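Only one structure is covered here, and it is reproduced in the block below.
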There are 2 protein chains.
Amino acid sequence: MFQTFTVTARPEQGPPRLAALRGVLSAQGLDGFVIPRADAHQGEYVAARDDRLAWLTGFTGSAGFCVVLEGVAGVFIDGRYRTQVKAQVDLAHFTPVPWPEERLAGWLKAQLPQGGRVGFDPWLMSVAQIDEAREALAGTRIDLVAVDRNPVDAVWTDQPAPPMAPARVHPMEFAGEAHADKIARLAEGLRADGTTAAAITLPDSICWLLNIRGSDVPKNPVMHGFAILHADARVDLFVAAEKLGDLCDHLGSSVRVHDPADFAAHLEDLSGPVLLDRDTCPVAVRDRVAEARLGRDPCALPKARKNRVEIAGMAEAHLRDAVAMIDLLAWLDDQAPGSLTETQVVTRLEEARRRDNALQDISFDTIAGTGPNGAIMHYRVTEDTDARLEDGHLLVLDSGGQYLDGTTDITRTVAIGDVGPEEKAAYTRVLQGMIGMSRLRWPKGLAGRDIEMAGRMPLWLAHQDFDHGLGHGVGAYLSVHEGPQRLSRISHVPLEPGMILSNEPGYYREGAFGIRIENLVVVTRADVPEGGDAHREMLCWQTLTFVPLDRRLIVTDMLAPAERDWLDAYHREVREKVGPRLGKAARAWLDAATAAI
Amino acid sequence: MFQTFTVTARPEQGPPRLAALRGVLSAQGLDGFVIPRADAHQGEYVAARDDRLAWLTGFTGSAGFCVVLEGVAGVFIDGRYRTQVKAQVDLAHFTPVPWPEERLAGWLKAQLPQGGRVGFDPWLMSVAQIDEAREALAGTRIDLVAVDRNPVDAVWTDQPAPPMAPARVHPMEFAGEAHADKIARLAEGLRADGTTAAAITLPDSICWLLNIRGSDVPKNPVMHGFAILHADARVDLFVAAEKLGDLCDHLGSSVRVHDPADFAAHLEDLSGPVLLDRDTCPVAVRDRVAEARLGRDPCALPKARKNRVEIAGMAEAHLRDAVAMIDLLAWLDDQAPGSLTETQVVTRLEEARRRDNALQDISFDTIAGTGPNGAIMHYRVTEDTDARLEDGHLLVLDSGGQYLDGTTDITRTVAIGDVGPEEKAAYTRVLQGMIGMSRLRWPKGLAGRDIEMAGRMPLWLAHQDFDHGLGHGVGAYLSVHEGPQRLSRISHVPLEPGMILSNEPGYYREGAFGIRIENLVVVTRADVPEGGDAHREMLCWQTLTFVPLDRRLIVTDMLAPAERDWLDAYHREVREKVGPRLGKAARAWLDAATAAI
């Protein structure tokens, strides 16, 4: 299904639903209830059935939560959604709350000075969330109470059924490691740590571990379910049998399939220390485990360290995806300024990607922001905002595809007609940041926070900056946003060979223009060059993304020789790697677009 | 007193002292005792009386500790001192222990599997040290026991008396803020935090707070003592009256002077929460305070944020100091390779500094390492190691002076004769790191760890690095190593305007050569340039050190245009600022040394 541009918010539906919910709360003796955007799997996308926050409030952002009390309903939204929330909810009934500046506990303390019982669905809230809130509420008379049945579901009479999309094998040619081998090495890790089992609730972890993929949510090819990995290398998988079809052969005898309803009982049967992921594990899981040990999902790091086959697949997916991007960019250059709108670009790009049958889905809704819309970091064009690409605009185009062999995520910023000098200077700095990180080599053991500034320095020197991290992890035919590694000031996770991240500096001038450039890169062991310190282990990047950078926006004089060399070498590689895959017209465009600077 | 080069280690004195100490321990029912290098004030230098570690073991390094048990005496030393310790202690009686790889608690567990009572002097060990060790020893039968009288002092029959150097006023023209005003604003901070008092045990904090200086230890112009700052802006100062002389007039009526022996009793009299510095407060202080609140010495940050007068003083001290450095460098260039040794350079440099009567002392023992000695990061030349400056050597010269208006710390690396291409390439990279940090501008709120890599990137790109932090804080006519801010991967303290740090990247090839370049720099608010983001608060550096960088060692082609511009502008500023202060010959040398590259 192609990306849609319809405005889905129906603010008028909120108030009656809110009233119905309050009725249930009152009958259950609750003074309030917390409705998170998340489902039990804490993913970026939720199934229609789990979109309780949007159903109740009208707010469709990808993060946030609502707290319904008797007299007020606060909608907690982060900086990305301050404007959007006002258009989507009925402000007479819902009160936007800036989050995380205001946090759940602090807000409750202010709203309920006399105390109260505030319910939450323990399957939808993580241990970290509830522990933090309870700690902050210590000494007050406010109780956070886990409820057995979600009261939103009780009033949502036409709530969709859980997704039942069939799962499929993720074959060895793309996975690179048999799931039995993954299970064996993770089980060994559990034994070494003295744990008897790990409860796994993240769908991408389960899919990675068992070499399967699903279609339960849009964009991310995951199957919803739960799993218990035992230290003796058995796996209990809790997923509706109809999703699995004949996958049981693939799974083999060490993986036993159970009805999802049985997950809770199995948790209660576990003895000995059970590893739970502190940040994402539902409270309901912790509450059922006799001896919980909070730590990190055991799949997280092994999944983040891509193997050779996954890296080769990601590289191939990126070359395939580059053909679509280059076709789009070549076409775009042929259109007169003022003749296109953002949605036309989005649709044309998706058509270009779909021309290759390998595309499974786009990996997220394409961001196509021209002129001032480019300055909105998480812009998603709708019929209401669809702007025309005018002469002098910059167009920020951030998109990606899901392929069986890999996931792509690429951003290019393109000149529409004649662009002004400030835009070009800022573009050049953003490019210098991207190049600075791409060229980097760093001592093994450092985390994203230790090296992130390499992507910001050129902007800093001009008293400029951007307000997002430099990069996020990316899955291999899995989530386009994947942890735990990040290129961010808050990331303590050491970078390791095989980790794939985005390198995406930007610059945003509100009301004027935006710039972002994004390549995906893989952490790689660095060879010791002549004169280097042989005793030092260092890491570097291998680039996956090969699509031209807009030469018309580059102020050549601003580049240092090493930056020019990098750029010319990159463009040469784009030409060599992607050129042979292109049609004649795109090939000609590419030759010009990748000429030495 | 000029720097000396005598070898002071007398390894043969250790064993009989060790035997005597073991006798006392046994009589007191102790199975062991911890002898730290530190005194009660946790400074870098200790008075002769407090040099218990050196007296007992022979080891004279500036950090470490010894743990004496019945059958073994471990000398814990960090990476700098692995070689030195072997020459200084009798290895038949003392066992070097690599620290911090091995820590006190782990070592005790291995040595005392049956448990035991290990004593320590609670005035010499900090709360952080003992708490960490006790936590790690939980569940063992090893007790860390505070003793009333130090058993080392009991056997040290000719232990020197405590230092009694007279203190003096640090006048407003250098301090820039009256001590009454400092006391008032710090007391306000205590009240705002709900604490009744702060116990201050760091001599440089006390000296800063009261605008006094002393001479109780070498190199650092501090007076030993203790203080209690009350939330009502009274100060109890515990220091021998004979040190103060007529300083009582300066101190005023809100500062009451007591005998140091009364400090303990006053601590016991305090009620309400008392702020103690977690990292440096002696256990004995915490144990006497009814309600201890562990935090940070309230003087630390205010002292680190130098005021305008202090910055102006530091700048002037650096120009004065630059005259001595340039005289030395000009003279050095006149000497034939092979004609000098390291000690001659050290002495000549100190003579040059002392030629100006303003010099109070050198700020630390000069490091002058030529050829392979340059690769020893904390090299201190002695008669035994004194090497000749040979043709092709690099000479690392790291030194500084204490002046009434400021403290300097400067490192230059100088070519002796014809230097090889690898040395020049590495020097150029170190210089590029120094320039990269000097040119930096960064968002307010970042700490040293967030920006430190700017000083390493050029080395990293060549698969090179160095194993020390990029920079340390520096006091204003106080300690040359001053916290809490650092340019280091471990520093979380946000950089603030007025903080002074060193910017000193290096490169060390063991057995071959060393390189280090060091300027002092002040954190400064950055003006918003044309095109910059006016809403962003950013910080930058103002350079204090103005001494030429050796142009003969710079591979010009490796520099980016912006780096060349920085270098030429820096050298121009050196010429303009220091040139007029020089004699004719040095002036001529300077003109050549600062010519555009």
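All heavy atoms count here, side chains included; hydrogens, waters and symmetry mates do not. Remember, it's a predicted structure, so these values are computed and weren't measured experimentally.
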| query | B:Ala560, B:Gly531, B:Ala426: which one forms the most heavy-atom pairs within less than 4.5 Å of chain A? | reply | B:Gly531

| request: Heavy atoms only, distances under 4.5 angstrom: which of B:Pro443, B:Gly436, B:Gly532 has the most pairs with chain A? Name it, please. | output: B:Pro443

All donor-acceptor atom pairs under 3.5 Å, backbone and side chain, chain A-chain B:
from	atom 1	to	atom 2	distance (Å)
A:Arg441	NH1	B:His463	ND1	2.9
A:His463	O	B:Asp533	N	2.8
A:His463	ND1	B:Arg441	NH1	2.9
A:His463	NE2	B:Arg536	O	2.8
A:Gln464	NE2	B:Gly531	O	2.9
A:Asp465	O	B:Arg536	NH2	3.2
A:Asp467	OD1	B:Arg536	NH1	3.0
A:Asp467	OD2	B:Arg536	NH2	3.4
A:Tyr507	OH	B:Asp533	OD1	2.4
A:Arg509	NH2	B:Gly531	O	3.3
A:Gly531	O	B:Gln464	NE2	2.9
A:Gly531	O	B:Arg509	NH2	3.3
A:Asp533	N	B:His463	O	2.8
A:Asp533	OD1	B:Tyr507	OH	2.4
A:Arg536	O	B:His463	NE2	2.8
A:Arg536	NH1	B:Asp467	OD1	3.0
A:Arg536	NH2	B:Asp465	O	3.2
A:Arg536	NH2	B:Asp467	OD2	3.4

Please state whether the side chain, the backbone, both or neither of [X] comes within less than 4.5 Å of a heavy atom of chain B.
| X | result |
| --- | --- |
| A:Ala534 | neither |
| A:Leu459 | neither |
| A:Met538 | both |

Roughly how far, to the nearest 0.5 Å, is the [atom2] atom of [Y] from the [atom1] atom of [X]?
| X | Y | atom1 | atom2 | result |
| --- | --- | --- | --- | --- |
| B:Leu431 | B:Ile515 | CG | CD1 | 10.5 Å |
| B:Leu470 | B:Met437 | CG | CE | 5.0 Å |
| A:Leu539 | A:Leu495 | CG | CG | 7.5 Å |
| B:Leu567 | B:Leu559 | CG | CG | 6.5 Å |
| A:Ile597 | A:Leu549 | CD1 | CG | 9.5 Å |

Minimum heavy-atom distance between [X] and [Y], given as atom pair plus value:
| X | Y | value |
| --- | --- | --- |
| B:Ala375 | B:Gly511 | CB-N, 4.4 Å |
| A:Val493 | A:Pro484 | CG2-O, 3.7 Å |
| A:Pro273 | A:Gly194 | CG-O, 3.4 Å |

| request: Sort B:Ala454 into side chain, backbone, both or neither according to what part of it lies under 4.5 angstrom from a heavy atom of chain A. | output: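 Contact with chain A is through both the backbone and side chain of B:Ala454.
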
| request: In sequence, state the C-alpha distance, the side-chain angles, and the governing distance for B:Leu440 and A:Met453, and then conclude on side-chain contact (heavy atoms from CB on, under 4.5 Å). | output: CA-CA 11 Å; B:Leu440 196 65; A:Met453 70 164 288; 3.9 Å; yes

